[in-house]
*Asks:* 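Below is the structure I would like to discuss, written out as structure tokens.
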2 protein chains.
Amino acid sequence: MVTQRDLKAEVTREKILEAAAEEIYRVGYQSASLCEMLKRLGISKGALYHHFASKQELGYAVLDDVLAPRAVAAWDAALSAEDPIEGICRLLDEEEQFLAGQRLACGCPINNLAQEMSPLDEGFRQRIERVYRRWHRAVQNALAGAQQRGLLRPEVDANEVAYFVIASLQGAVGLAKNSQDCGIFRSSINGLKKYLHDLKMPAT
Amino acid sequence: MVTQRDLKAEVTREKILEAAAEEIYRVGYQSASLCEMLKRLGISKGALYHHFASKQELGYAVLDDVLAPRAVAAWDAALSAEDPIEGICRLLDEEEQFLAGQRLACGCPINNLAQEMSPLDEGFRQRIERVYRRWHRAVQNALAGAQQRGLLRPEVDANEVAYFVIASLQGAVGLAKNSQDCGIFRSSINGLKKYLHDLKMPAT
DNA sequence: AAGAATACAAACCGGTCGGTCGGTTTGCAA
DNA sequence: TTGCAAACCGACCGACCGGTTTGTATTCTT
């Protein structure tokens, strides 16, 4: 049975998760101060450590419950389109809008954690790898499907292209994050778009 | 006049720089412990703070005196070749060998710092952007030159391609770093190579 | 040879970190 | 109504951080 108390506790847990995700996004996991985050939330340390055993477990939960679902859903949605190339291009445009909105200097939350934590903590590494693998599988499947339907050139290597697309996007986000210039993102992504369109079956 | 003492001091300074570069490469700037690094070096804190005013200044010096020169030199060397496409491909192979050697899980020192520090410290951001700009300029110039010599298709946008190449490489390194799998780097880079070769003037 | 300056050593400082723990409130079950 | 456990609070802890200070050996200058 779900009581009123359980609901309130769940709300607290999710408030903590949300705030932690934001704090980690802003300054990175290692530099994210729990005290700072709690102060902003108006929640005590006791509450935090009631819901999470350690900072590490909180970090894992942020990935599992907040970042990974969002990230995976975005790609799955984009690739559900008829033409995966167009789907990916739409995703790239969405990403540009997201960055341009405000968070240009913060980059991609997943990629940030990957670069910071994967050499230091196996738990983070594995969780992030799971996300990348789902991205890759989704792209690869979509490309292979389109290829079977005759939309893509037969010599296209879906596996290879999938890795290349993901890497290029992550790289472009990283480049733009550093320069704080969305134009660089756009230029870089333009290159990717042209590449993708060249994979299509030429009109006969 | 350069005295014997100056020489010894310079050696100490460079030992500190080298060790700091290594420590930062391993765990990131913010988590790099000066004590840890000094312990490994067998050098005291007094020595460190005699040569550098703060951790920040040490970090800047690592970038200016160690990382940036190396990074820029590698690209300049690769692009001095007759055919820039081939030059870039050779650079990509070198990068693969570097990663495969041992430091796969550590990624690219410049990119690591960029992702970690650019939102937090303007000094780091500007220094790294200078590196990226030199990379971009080198690639763009090389491509434009090759284009003039008739090696590249005339519709190629050298500016755009330069950004795309840099982003893709950085992204591939980041992806491989997380998965700790050099095969993923190779796949991703293969996509980039094919793209680059398609920029060449078709044999008539 | 004497003294000033340099290069380094090491003890030490305040501050912040993640984490703990005893106490208090709150809501549900009996 | 009451007993009790879950939810939460916040003072507190030791560890470690970057940075300072003080001391000393060596080396250059005069």
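In what follows, every chain begins at residue 1, and chains take the letters A, B, ... in the order their sequences are listed. Here the structure is a predicted model, which is why all the values come from computation and not from measurement.
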*Asks:* For B:Asn159, is there any backbone N or O sitting under 3.5 Å from a side-chain donor or acceptor partner on B:His136?
*Replies:*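 Yes: the side chain of B:His136 pairs with the backbone of B:Asn159.
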*Asks:* Once ring-ring contact (aromatic ring centres under 6.0 Å, His included) is applied, do any residues pair with A:Tyr195, and if so which ones, sequence neighbours excluded?
*Replies:*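 Scan of A:Tyr195 (ring-ring contact (aromatic ring centres under 6.0 Å, His included), adjacent residues dropped) gives A:Phe164, B:Tyr195.
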*Asks:* To the nearest Å, how far apart are A:Lys8 NZ and C:dC28 P?
*Replies:*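 Checked: the NZ to P distance equals 11 Å.
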*Asks:* Between atom CD in B:Glu14 and atom P in C:dA7, what is the gap in whole Å?
*Replies:*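 About 14 Å, once rounded to whole Å.
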*Asks:* Does B:Arg149 use its side chain to pair, donor to acceptor, with the backbone of B:Asp83 at less than 3.5 Å?
*Replies:*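 Looks like no, no N/O pair under 3.5 Å.
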*Asks:* Using only atom types and a distance under 3.5 Å, with no angle test, would you say the side chain of B:Ser80 pairs donor to acceptor with the backbone of B:Ala77?
*Replies:*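 At least one qualifying donor-acceptor pair exists.
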*Asks:* Restricting to pairs with a member in residues 73-101 of chain A, which pass ring-ring contact (aromatic ring centres under 6.0 Å, His included), not counting sequence neighbours?
*Replies:*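 Sorted result for residues 73-101 of chain A: A:Trp75-A:Trp135.
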*Asks:* B:Lys15 has an atom NZ; how far is it from atom P of C:dA7, in whole Å?
*Replies:*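 Computing the B:Lys15:NZ to C:dA7:P distance gives 15 Å.
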*Asks:* Between C:dA9 atom C1' and B:Ile16 atom CD1, what is the distance in whole Å?
*Replies:*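 Distance, rounded to whole Å: 12 Å.
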*Asks:* For DNA chain C, determine which residues of residues 21-36 of chain A have any heavy atom closer than 4.0 angstrom to one of its atoms, and list them numerically.
*Replies:*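 A:Ala32, A:Ser33, A:Leu34 - these, ordered by number, are the residues of the stretch whose heavy atoms sit under 4.0 Å from the strand.
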*Asks:* Can you tell me how far P of C:dT26 sits from CG of A:Leu7, to the nearest Å?
*Replies:*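 From A:Leu7 CG to C:dT26 P: 18 Å.
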*Asks:* Please check if the side chain of B:Gln147 supplies one atom and the backbone of B:Pro154 the other of a donor-acceptor pair under 3.5 Å.
*Replies:*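 Between the backbone of B:Pro154 and the side chain of B:Gln147 there is a qualifying donor-acceptor contact (under 3.5 Å).
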*Asks:* Can you pull out the residues from residues 112-127 of chain A that lie within a 4.0 Å heavy-atom distance of DNA chain C?
*Replies:*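 Nothing qualifies; none.
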*Asks:* When you check the phosphate oxygens OP1 and OP2 of C:dC8, does a side-chain N or O of B:Thr12 lie under 4.0 Å from one of them?
*Replies:*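 It does, given that an N or O in the side chain of B:Thr12 lies less than 4.0 Å from OP1 or OP2 of C:dC8.
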*Asks:* How long is the span from the SG atom in B:Cys89 to the CD atom in B:Glu94, to the nearest 0.5 Å?
*Replies:*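 It comes to 11.5 Å.
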*Asks:* If only atom types and distance count, is the side chain of A:Lys193 paired as donor or acceptor with the main-chain N or O of A:Ile88 below 3.5 Å?
*Replies:*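 Not confirmed, A:Lys193 side chain does not pair with A:Ile88 backbone.
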*Asks:* Pull out every residue in residues 45-61 of chain A that has a heavy atom closer than 4.0 Å to any atom of DNA chain D, ordered by number, or say none.
*Replies:*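 DNA chain D contact set from residues 45-61 of chain A: A:Lys45, A:Gly46, A:Ala47, A:His50, A:His51.
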*Asks:* Anything under 3.5 Å between a donor and an acceptor, one on a side chain of residues 113-127 of chain A, the other on a protein residue two or more places apart or in another chain? List them.
*Replies:*
from	atom 1	to	atom 2	distance (Å)
A:Gln115	OE1	B:Lys177	NZ	3.4
A:Gln115	NE2	A:Asn111	OD1	3.2
A:Glu116	OE1	A:Tyr29	N	2.8
A:Glu116	OE2	A:Tyr29	N	3.4
A:Glu116	OE2	A:Gln30	N	2.9
A:Glu116	OE2	A:Gln30	NE2	3.2
A:Ser118	OG	A:Ala114	O	3.0
A:Asp121	OD1	A:Tyr60	OH	2.6
A:Asp121	OD1	A:Gly123	N	2.8
A:Asp121	OD1	A:Phe124	N	3.1
A:Asp121	OD2	A:Gln56	NE2	2.7
A:Asp121	OD2	A:Tyr60	OH	3.4
A:Glu122	OE1	A:Arg125	NH1	3.0
A:Glu122	OE2	A:Arg125	NH1	2.5
A:Glu122	OE2	A:Gln126	NE2	3.0
A:Arg125	NE	B:Asn178	O	2.7
A:Arg125	NH2	A:Glu129	OE1	2.6
A:Arg127	NE	A:Asp64	OD1	3.3
A:Arg127	NE	A:Asp64	OD2	3.0
A:Arg127	NH1	A:Gly123	O	3.3

*Asks:* Keeping A:Tyr25 on the side-chain end and A:Gly107 on the backbone end, is there a donor-acceptor pair under 3.5 Å?
*Replies:*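 Between the backbone of A:Gly107 and the side chain of A:Tyr25 there is a qualifying donor-acceptor contact (under 3.5 Å).
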*Asks:* Looking at A:Asp198, is its backbone amide N or carbonyl O close enough to the side chain of A:Arg153 to form a donor-acceptor pair, meaning the two atoms are under 3.5 Å apart?
*Replies:*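 Pair found, side chain donor or acceptor close to backbone of A:Asp198.
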